[in-house]
Amino acid sequence: MQRALERSAEIELAIDKDPSQFRVLTGDRPTGSLHLGHYFGTLQGRVALQERGVDTWILVADYQVITDRDGVGPLKQRVAGLLADYLAVGLDPEKTTIFAHSQIPELNQLMLPFLSLVTESELHRNPTVKSELEATGGRAMSGLLLTYPVHQAADILFCKANLVPVGQDQLPHLEQARVVASRFDKRYGRADSKTPVFRRPEALLSKASNILGTDGQKMSKSRGNTIELGMTAQETEKMLRKAKTDADRVITYAPDSRPEVSNLLLMASMATGTSPEDLAAQIGDGGGGALKALVTEALNDMLAPIRQRRADLLANEDYLWQVLERGNQKAREQAVATLDEVRAAMNMDY
Ligand code: TRP
């Protein structure tokens, strides 16, 4: 973990020197709406990479939706919402390639040779898969849940990405992708040659955003404690009115002893750029009510332009589907080229 953090710092410097040596791939499962945790945790970082001139690819991981549930839900609507979120926060389809699993058959086909490179016991050992299985509350492990880290390796490797911005929980998946890449090249005689088929992707660890939900627990849709980018100002106010605080009317920033109050201060701080300590001093002995009013205003002010753009985009869904189609075409060209290389390495180039 420490090593991964140090390496990420080195990579940051290398990006400043020469952004063109990197291709970034990351993505989201379209299972719900993006919220403030996503915004501070990953979306702002993606926009920054894009603006620094890094070739950025973003995957709508629709096939990953069915790893741990029975159906896809209102998938199309969710994908439209996700696309609107992406563009509203500043991802620019002229610079960033946005595409979806289900539209790139050649990416998915990589799953076959890749599965032959990993053992069943390795798959069972993946700690992220284990905790995701636990979170399903007693469901049987599906074959896709067990093997999705290999599919995710295909996501990363097909497009020759060498950088993956991830949270800590995704580190095992990245290791899996590196293992698959090097085993493939070794097995098919590319290990020592100058023509490896795959790059070895590295993690760019996102600084954990530290933002918790309105109840002081991890922000997550299933807990009903999120502030979604697409909520109205009134809905945001209502969520914050329900937020947990404590009995001490003097507001202070003390993450260890006052996690809920401190989390609200942190949200307002991230939205305004003022330190949480200064915000606490401004509120003084105004209590939870004043704190909530301040956070509500800070978040609604920050989100207002994003929400406006989001609503405008959703009013013209055709445009969103065009953006996705363009990204799909580009991703597909890359996937076709990579699969050709894979077939050639495997003597399947008839
Ligand atoms: N597993 C990621 C998530 O749930 C989404 C994802 C799919 C992804 N494929 C990826 C992330 C490849 C990084 C790289 O958020």
Side-chain angles (χ1 to χ4, degrees), residues 4 8 22-35 37-43 45-46 49 54-69 72-73 75 78-79 81-83 85-86 91 96-104 107-108 110-111 114 123 126-133 135-136 142 144-181 198-206 208-209 218-222 226 327-328 331 334-335 338:
S8 288
F22 295 103
R23 176 172 287 177
V24 163
L25 180 282
T26 185
D28 301 283
R29 296 203 284 165
T31 50
S33 307
L34 296 186
H35 52 63
H38 298 113
Y39 183 67
F40 293 128
T42 71
L43 295 171
R46 294 178 196 179
L49 283 168
V54 178
D55 183 16
T56 304
W57 292 43
I58 297 186
L59 168 66
V60 177
D62 50 5
Y63 267 132
Q64 229 178 69
V65 171
I66 49 172
T67 50
D68 64 355
R69 63 201 70 202
V72 290
L75 183 65
R78 283 185 179 153
V79 172
L82 188 60
L83 295 169
D85 284 335
Y86 286 163
L91 290 170
T96 291
T97 307
I98 302 172
F99 65 104
H101 267 152
S102 59
Q103 309 304 307
I104 321 290
L107 179 171
N108 295 307
L110 290 177
M111 191 70 173
F114 284 4
L123 292 169
N126 184 308
T128 306
V129 170
K130 274 192 202 164
S131 56
E132 283 168 345
L133 179 66
T136 65
S142 76
L144 188 60
L145 180 57
L146 182 64
T147 56
Y148 95 83
V150 180
H151 193 228
Q152 193 155 310
D155 300 340
I156 299 166
L157 298 179
F158 99 91
C159 69
K160 312 276 174 121
N162 56 354
L163 208 52
V164 184
V166 288
Q168 266 185 58
D169 65 319
Q170 298 279 311
L171 284 177
H173 294 344
L174 208 66
E175 182 53 25
Q176 180 67 267
R178 273 198 300 273
V179 164
V180 166
F198 294 112
R199 288 171 107 174
R200 306 291 182 271
E202 291 192 274
L204 185 63
L205 267 185
S206 34
S209 84
K218 183 177 163 21
M219 187 178 277
S220 103
K221 175 115 189 138
S222 56
T226 62
N328 288 338
Q334 173 70 70
T338 301

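Reckoned from all heavy atoms, side chains included, excluding hydrogens, waters and symmetry mates. Numbering of ligands and ligand atoms starts at 1, following listing order.
- A distance of 4.5 Å separates CZ of Arg23 from CG of Asp55, quoted to the nearest 0.5 Å.
- Residue contacts with ligand 1: His173 is excluded, as none of its non-hydrogen atoms falls under 4.0 Å.
- Checking only distances, Gln64 does come within under 3.5 Å of ligand 1, N or O to N or O.
- Residue Leu59 has at least one heavy-atom neighbour below 4.0 Å for each of these atoms of ligand 1: 9 (N).
- Note on ring orientation: taking the six-membered ring where Trp is involved, the planes of His101 and His151 are tilted (angle from 30° to 60°).
- Taking any N or O of Thr26, backbone or side chain, none lies under 3.5 Å from an N or O belonging to ligand 1.
- Nearest protein heavy-atom neighbour of atom 4 (O) of ligand 1: Arg29 CG, 3.5 Å.
- The protein heavy-atom contact nearest to atom 9 (N) of ligand 1 is Asp155 OD2, 2.7 Å.
- Among residues two or more places apart in sequence or in another chain, the side-chain contact (heavy atoms from CB on, under 4.5 Å) test is passed with Ala100 by Val60, Asp62, Ser102, Gln103, Leu324, Asn328.
- In terms of protein heavy atoms, atom 15 (O) of ligand 1 is closest to Gly27 O, 3.9 Å.
- With sequence neighbours left out, the ring-ring contact (aromatic ring centres under 6.0 Å, His included) criterion links Phe22 to no other residue.
- The 12-atom threshold is not exceeded at OH of Tyr63, counting heavy atoms of other residues, nucleotides or ligands nearer than 6.0 Å.
- For atom 12 (C) of ligand 1, the nearest non-hydrogen atom of the protein is Gln152 CG, 3.4 Å.
- Inter-residue side-chain proximity for Leu49 and Pro165 is flagged as met; some heavy-atom pair is nearer than 4.5 Å.
- Side chains of Arg29 and Thr67 form a contact here, defined as non-hydrogen atoms less than 4.5 Å apart.
- Within the listing of ligand 1, atoms 7 (C) sit less than 4.0 angstrom from a heavy atom of Ala61.
- Among all protein heavy atoms, the one lying closest to atom 14 (C) of ligand 1 is Leu25 CD1, 3.6 Å.
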